[in-house]
Asker: 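Structure incoming, see below.
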Amino acid sequence: VGVCFATSGPGCTNLVKVNIPAGVTEINEDTFYDCEDLVSIQIPEGVTRIGGEAFYGCQSLQKVTIPSTLRTVGHRSFYDCYKLTGVYICDLEAWFSIEWQSDWSWGTEYANPLYFAHNLYLDGELATQIVVPDTVTKINPYTFVGASCLQSIVFHDKVTAIGSSSFYNTLALATITFKGATPPTVANDAFGTGDTARETDPVIYVPNGSYADYLNSDWPKNYKQWIS
């Protein structure tokens, strides 16, 4: 039986740092809603779910540590956490497995703390270059939304799909490498930027002999223009 964690209610004051105790498996909806003094949160291994709007309005929150056991994050969990500067993980494969949930109205991107933090730290090092683990076959929507730290990404040949907004507003992304001879499906806004223009478009590298296959895929036209 899972153990849920909840504070005394939304809008808690003078709560600056939280280390959630071991044994907790879920953080309830609205648990830290509008806890405006909260600066850092350590989410321990064993937590599998963060409920919707759990950290909504935590306007002093600067860093969050995500465990390898986390699998789902509810809608708008980190909305308005605009002082976030870093998301810390220790397991890249586990990060790819997280589902960022929506309530089908708005704000799926706000489930992911990267939207505001922009910087992902893997084992304490800023993740500027990502090689997708071999066990990952699809990139979930919003996995790296807002990750302006990211400069290059390498997809192995087993990746078959890249989801909506998975790399949205990764403005420093310079190179995208595909190892597979068959192009994966790519959502129209997977590498979108909205109203913010890139200074330089990324370059896409594909395997020798696969250029025509990628060029003739159903990818959005502007992505095809990036193929080297």
Side-chain angles (χ1 to χ4, degrees), residues 16-20 22 27 38-48 50 54-55 58 60-73 77-78 81-100 109-159 162-163 165-179 190-193 196 198-205 226:
V16 176
K17 183 178 180 180
V18 172
N19 289 320
I20 296 174
I27 299 174
L38 185 62
V39 174
S40 69
I41 181 77
Q42 179 87 26
I43 302 174
E45 292 295 319
V47 172
T48 61
I50 297 175
F55 299 95
C58 293
S60 298
L61 190 62
Q62 297 177 18
K63 61 180 291 187
V64 58
T65 301
I66 300 293
S68 63
T69 51
L70 187 64
R71 291 296 175 267
T72 59
V73 181
S77 286
F78 292 91
C81 297
Y82 58 83
K83 286 189 178 179
L84 273 170
T85 59
V87 177
Y88 293 78
I89 65 173
C90 61
D91 189 327
L92 185 61
E93 181 180 348
W95 177 261
F96 277 97
S97 72
I98 297 174
E99 178 188 355
W100 311 98
E109 64 270 30
Y110 303 128
N112 192 333
L114 269 180
Y115 181 85
F116 288 106
H118 305 303
N119 296 312
L120 181 69
Y121 291 87
L122 176 61
D123 294 326
E125 298 292 330
L126 186 64
T128 59
Q129 302 177 1
I130 294 290
V131 177
V132 177
D134 290 342
T135 54
V136 176
T137 58
K138 66 176 183 178
I139 313 301
N140 287 339
Y142 300 97
T143 297
F144 288 95
V145 62
S148 55
C149 63
L150 190 60
Q151 298 174 15
S152 72
I153 180 79
V154 178
F155 298 97
H156 60 79
D157 59 357
K158 297 180 181 66
V159 173
I162 300 176
S165 297
S166 48
F167 295 90
Y168 194 85
N169 270 358
T170 51
L171 298 178
L173 190 60
T175 62
I176 305 169
T177 302
F178 291 93
K179 297 291 189 178
F191 298 96
T193 58
T196 306
R198 300 179 189 272
E199 291 187 8
T200 305
D201 287 334
V203 176
I204 293 178
Y205 296 101
W226 301 347

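Note that the numbering runs from 1 along the sequence shown for the chain. Predicted model, so just to flag it, every value in this text is computed and none were measured.
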Asker: Would a 4.5 Å heavy-atom cut-off, applied to side chains only, mark Val159 and Phe178 as touching?
Answerer: no

Asker: Flag the pair Phe96 / Asn140 as yes when at least one side-chain heavy-atom distance between them is below 4.5 Å, and no otherwise.
Answerer: no

Asker: Measure the spacing between OG1 of Thr200 and CG of Leu171 and express it to the nearest 0.5 Å.
Answerer: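 Interatomic distance, Thr200 OG1 to Leu171 CG, rounded to 0.5 Å: 11.5 Å.
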
Asker: Can you give me the closest heavy-atom contact between Lys158 and Asp134, atom names plus distance?
Answerer: CD-O, 4.0 Å

Asker: What are the two closest heavy atoms between Ser152 and Thr175, and how far apart are they?
Answerer: CB-OG1, 3.0 Å

Asker: For a side chain to side chain contact (heavy atoms under 4.5 Å, CB included) check, start with the C-alpha distance between Leu61 and Phe78, then their side-chain angles and the critical distance, and finish with the verdict.
Answerer: CA-CA 9 Å; Leu61 190 62; Phe78 292 91; 4.3 Å; yes

Asker: How far does OG1 of Thr128 sit from CG of Leu122, to the nearest 0.5 angstrom?
Answerer: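 It is 10.5 Å, given to the nearest 0.5 Å.
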
Asker: Which atoms form the tightest heavy-atom contact between Cys149 and Ala127, and what is the distance?
Answerer: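 Shortest heavy-atom contact: SG-O, 3.3 Å.
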
Asker: When you measure from the side chain of Trp95 to the backbone N and O of Thr143, does any donor-acceptor pair fall under 3.5 Å?
Answerer: yes

Asker: Which heavy atom of Thr193 sits nearest a heavy atom of Asn169, and at what distance?
Answerer: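 Of all heavy-atom pairs spanning Thr193 and Asn169, the closest is O-OD1, 2.9 Å.
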
Asker: Kindly say whether Val131 contributes a backbone atom to a donor-acceptor pair with the side chain of His156 at under 3.5 angstrom?
Answerer: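 Answer holds: no.
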
Asker: Roughly how far, to the nearest 0.5 Å, is the CG atom of Leu114 from the OG atom of Ser148?
Answerer: 9.0 Å

Asker: Quick check: closest heavy atoms across Thr69 and Val47, and the distance to 0.1 Å?
Answerer: OG1-O, 2.8 Å

Asker: Verify side chain to side chain contact (heavy atoms under 4.5 Å, CB included) between Leu70 and Ile43, making sure each step is shown before the conclusion.
Answerer: CA-CA 9 Å; Leu70 187 64; Ile43 302 174; 5.8 Å; no

Asker: I'd like to know if the side chain of Asn119 and the backbone of Thr85 have a donor-acceptor N/O pair within less than 3.5 Å.
Answerer: yes

Asker: Among residues at least two apart in sequence or on other chains, which ones pass side chain to side chain donor-acceptor pair (under 3.5 Å) with Thr170?
Answerer: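 If we apply the side chain to side chain donor-acceptor pair (under 3.5 Å) test to Thr170, skipping adjacent residues, there are no hits.
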
Asker: Roughly how far, to the nearest 0.5 Å, is the NZ atom of Lys63 from the NZ atom of Lys17?
Answerer: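 Output value for this atom pair is 7.5 Å.
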
Asker: Does Glu45 reach the main-chain N or O of Ser68 with its side chain, forming a donor-acceptor pair under 3.5 Å?
Answerer: yes

Asker: With rounding to the nearest 0.5 angstrom, report the CD to CZ distance, Glu99 to Arg71.
Answerer: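 With rounding to 0.5 Å, CD (Glu99) is 11.5 Å from CZ (Arg71).
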
Asker: Applying side chain to side chain contact (heavy atoms under 4.5 Å, CB included) to Leu150 and Leu120, what does each step give before you reach the verdict?
Answerer: CA-CA 8 Å; Leu150 190 60; Leu120 181 69; over 6 Å; no

Asker: Mind checking whether Val73 and Ile66 have side chains closer than 4.5 Å, heavy atoms only?
Answerer: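 No. Closest side-chain heavy atoms not under 4.5 Å.
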
Asker: Looking only at non-hydrogen atoms, find the nearest pair between Ser60 and Lys83 and report the distance.
Answerer: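 Smallest interatomic distance, heavy atoms only, reads CA-CD, 4.1 Å.
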
Asker: Enter the distance from Ile41:CD1 to Phe55:CZ here, rounded to the nearest 0.5 Å.
Answerer: 4.5 Å

Asker: Can you say whether the rings of Phe155 and Phe191 are parallel (under 30°), tilted (30 to 60°) or perpendicular (over 60°)?
Answerer: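 If you compare the ring of Phe155 with that of Phe191, the planes turn out perpendicular.
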
Asker: Kindly assign one of parallel, tilted or perpendicular to the pair Tyr110 and Tyr115, based on the angle between their ring planes and the thresholds 30° and 60°.
Answerer: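 Perpendicular, since the angle between the ring planes exceeds 60°.
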
